[in-house]
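To start, the structure itself, in structure tokens.
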Amino acid sequence: IDWEALLIESDMGINLSQKLYALLDKEGLLGKAELAERRIKNELLHILQNHKAPLPVGKPGVILLVGVNGGGKTTTAAKLAYRFKAEGKKVFFAACDTFRAAATEQLKIWAEKLDVPMVSGKEGADAASVAFRAFVQASEAQADYLIVDTAGRQANKKNLMMELGKLKRTLEKVSAQTPLFILLVVDGTSGSNILVQAKEFNEALGLSGMIMTKLDSSSKGGMVAAVKYELGIPTYFIGRGENLESLEEFNPEGFVEEFFS
Amino acid sequence: MLELLQQKLQSLFKNLRGYGKLSEENISGAIREIRLALLASDVHIQVVKEICEEVKQKALGTKVLESIRPGDQFIKIFHDELIEYLAADKTGLCSSRPLKILLCGLNGSGKTTTAAKLALWCKKNRERVGLVAADLTRPAAIEQLSKLASLVGITVYAPKESERLDDFLIRVDSQSVQDRLSVIIYDTAGRLDLDEELLEELRHLHELVCPQEVLIVIDSATGQKGVDVVRAFKEKIPLTGLILSKFDGDARGGAAFSVKKVTGVPILFMGTGEKIESLEVFRPERLVDRLFGFGDIVSLVEKV
Ligand SMILES: Nc1nc2c(ncn2[C@@H]2O[C@H](COP(=O)(O)OP(=O)(O)OP(=O)(O)O)[C@@H](O)[C@H]2O)c(=O)[nH]1
Ligand SMILES: Nc1nc2c(ncn2[C@@H]2O[C@H](COP(=O)(O)OP(=O)(O)OP(=O)(O)O)[C@@H](O)[C@H]2O)c(=O)[nH]1
Ligand SMILES: [Mg+2]
Ligand SMILES: [Mg+2]
């Protein structure tokens, strides 16, 4: 087995791939398929298994979804709401993507399907002010969760990242006593750039964790491990389809098993 | 990143000047560095292996120039080779009219936005353009396309309430003749490479539409499976080109490079922003520079 190729092809990035490869080499496992596989699994589990903070509770707990364009934020907002509702929780949406064509309409369709109240603004409205209004309404309604959908943006666009910072500060101010939960939504078919995204969004906002979507593709999503390994950011959920049910809690054992399937 | 690669190469080649020819021994370290740079750019690992072997053969025996740093010279050899791989016979869009263009690709890659960008592009070239909303899956896909179409200032053709896709597409055919359209652009739903059912649906759609251009939209950030993705689509429908979206971000676009090298599907355009104006004709140098993580070294070498 060409271990290096196998690791790289899983989108684990070169640093982690090289580390794991060097480990096999050092321990003389390169020619021993089964032992090597077990060694990699263990090492990955070690990297992935770690303390994760629980989702925020509060009236409401705020979950802010951020990420690059098209990663799956809006769909994931709907999936999360579906999940929380199934747990008997009361959920609110803040449609803070006031920029992309029909972004609000998209979330609106999910909101109606899920029967989740949604606060939105006109096209081009200030995202932070929508978030503020949404928080106040969700709070008055005693909602358990406020899920905030934001416009996609490339991390190298300074002004767009600053706009997110403003949105975050507004929410922090208004929600004084409850912690804000900021999740980066990344596209599972993406490669090394996920590491850059995680780094940059983390520097700009301080990420609580990550959600990886589109793992119903042939991609292995190795960046989940790379991001944890290099930045210490844990993955909370993975998405595996376009429907509401296809959001799974991230499970290191399952992930590691799939790696070799 | 470039600085890093450049520095590393300079120090590797430090003692090379005036050495005569590049030898196996004195380029192996440099190949290793470039290999890492390409892998970090998500060029597919098998493609990286092939390239490195081919370039090594090219570089061996090359005379070291006195006038430039050997590290730069080496990068230049690599660079030219990568540009070569991206060369394609086909550059623009098919010239027959009316021209039907079908866009396809993974979920969220940028199809709908790109449909509007292409429409604007064609409109500026004095075409009569129509956009067809053939994504009946994604929530608000039709609204999204309609809004973009109104920005472009053209008509969008959308299915009527509970109209079947087949009936709709037949209606569009006759409607577009009536409206004397010269370019008709079809936006389709996103689908992933393992979804046999949706891929089959795309094949069916392609059969109904019979487009001259079938363009796949690929996100610049796509990872190692990019080649498999395009293969999965290509097995169903004949792709005539690729559009590299989100090139304004900081992703390196290695998957698109691999796709071209392995499948031969030419890269025609790149998307460089969210606005409908942000579409540019593809230029190989820009992608290759990005793969190495740099911008100006090549022109620097060129001057020599
Ligand atoms: N197959 C599959 N598709 C997904 C998944 N998550 C999201 N999608 C699809 O990906 C596309 C983009 O999803 P969105 O939720 O609109 O992404 P976004 O991040 O909100 O996009 P922007 O707001 O434009 O930045 C849609 O077609 C979704 O249906 C997933 O886990 N699997
Ligand atoms: N920065 C940037 N964003 C882009 C570009 N092209 C598209 N986008 C954004 O990417 C996101 C997804 O674009 P869409 O056009 O909705 O993608 P799609 O392929 O139609 O998505 P589905 O229909 O859900 O599969 C949106 O936020 C777009 O604004 C680009 O070239 N640069
Ligand atoms: Mg969205
Ligand atoms: Mg679309």
Side-chain angles (χ1 to χ4, degrees), chain A residues 2 4-15 17-18 68-72 74-75 78 99-110 113 123 151-157 186-197 200 213-223 241-242, chain B residues 35-37 39-46 48-49 106-113 116 137-151 189-195 198 218-226 228-229 232 245-246 248-255 273-274 276:
Chain A
D2 182 349
E4 190 201 24
L6 188 137
L7 294 166
I8 298 254
E9 273 183 65
S10 69
D11 289 314
M12 206 176 264
I14 43 173
N15 285 348
S17 298
Q18 285 189 324
V68 298
N69 308 84
T74 307
T75 311
F99 176 75
R100 209 208 64 214
T104 298
E105 287 84 342
Q106 186 187 355
L107 188 62
K108 180 90 193 150
I109 289 174
W110 287 120
K113 192 175 248 171
E123 215 172 294
R153 65 203 76 216
Q154 300 294 320
N156 59 353
K157 307 233 163 114
V186 299
D187 183 329
T189 68
S190 295
S192 310
N193 189 249
I194 290 180
L195 205 46
V196 180
Q197 293 165 26
E200 291 177 346
T213 65
K214 309 184 199 174
L215 282 184
D216 42 328
S217 66
S218 64
S219 298
K220 296 277 187 189
M223 275 290 137
E242 298 189 66
Chain B
R35 182 174 182 279
L36 288 179
L39 286 174
S41 296
D42 296 322
V43 178
H44 191 271
I45 181 152
Q46 300 307 339
V48 173
K49 282 183 181 164
L106 297 183
N107 300 82
S109 63
K111 296 171 293 298
T112 306
T113 313
T137 313
R138 164 160 161 177
I142 297 174
E143 287 88 336
Q144 185 187 2
L145 192 67
S146 303
K147 287 202 169 170
L148 292 168
S150 73
L151 288 179
R191 60 204 88 220
L192 296 183
D193 57 334
L194 290 186
D195 198 324
L198 289 184
I218 297 282
D219 189 320
S220 294
T222 306
Q224 288 283 322
K225 294 290 178 193
D228 295 339
V229 166
S245 67
K246 310 181 199 174
D248 51 314
D250 48 18
R252 303 275 187 79
E274 295 190 68
I276 53 173

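Lettering of chains follows the sequences in order, A, B, ..., and the numbering in each one begins at 1.
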Out of B:Gly108, B:Gly249, B:Gly254, which one racks up the most heavy-atom pairs below 4.5 Å with chain A? B:Gly249
Atom [atom1] of [X] and atom [atom2] of [Y]: how far apart are they, to the nearest 0.5 Å?
X	Y	atom1	atom2	result
A:Ser10	B:Lys225	OG	NZ	8.5 Å
A:Ser217	B:Asp193	OG	CG	5.5 Å
A:Asp2	B:Ile45	CG	CD1	6.0 Å
B:Gln224	A:Met12	CD	CE	11.5 Å
B:Ser146	A:Glu105	OG	CD	10.0 Å
B:Gln46	A:Glu9	CD	CD	6.0 Å

Per-residue contact mode, [X] against chain A (heavy atom under 4.5 angstrom):
X	value
B:Leu198	side chain
B:Glu274	side chain
B:Arg138	side chain

Please classify the contact of A:Glu4 with chain B as side chain, backbone, both or neither, using a heavy-atom distance under 4.5 Å. both
Give, as side chain, backbone, both or neither, the part of A:Lys157 having an atom under 4.5 angstrom from any heavy atom of chain B. side chain
Write down the atom of [X], the atom of [Y], and the distance for their closest heavy-atom approach.
X	Y	answer
B:Lys147	A:Ala102	CD-N, 3.9 Å
A:Gln154	B:Asp250	OE1-N, 4.5 Å
A:Thr189	B:Leu106	OG1-CD1, 3.8 Å
A:Ile14	B:Ala40	CD1-CB, 3.8 Å
A:Ile109	B:Ala140	CD1-N, 3.4 Å
A:Lys214	B:Leu192	O-CD1, 3.8 Å

Strictly below 4.0 Å, N to O, side chains only: are A:Asp187 and B:Lys246 in salt-bridge contact? no
Counting heavy-atom pairs under 4.5 Å to chain B, which of A:Ser218, A:Gly70, A:Ser192 comes out on top? A:Ser218
Please say whether more than 12 non-hydrogen atoms of neighbouring residues, nucleotides or ligands are located less than 6.0 Å from NZ in A:Lys113. no
With side chains defined as the heavy atoms from C-beta onward, is the minimum distance between A:Gln106 and B:Glu143 less than 4.5 Å? no
Are the side chain of A:Asn156 and the backbone N or O of B:Asp248 linked by a donor-acceptor pair below 3.5 Å? yes
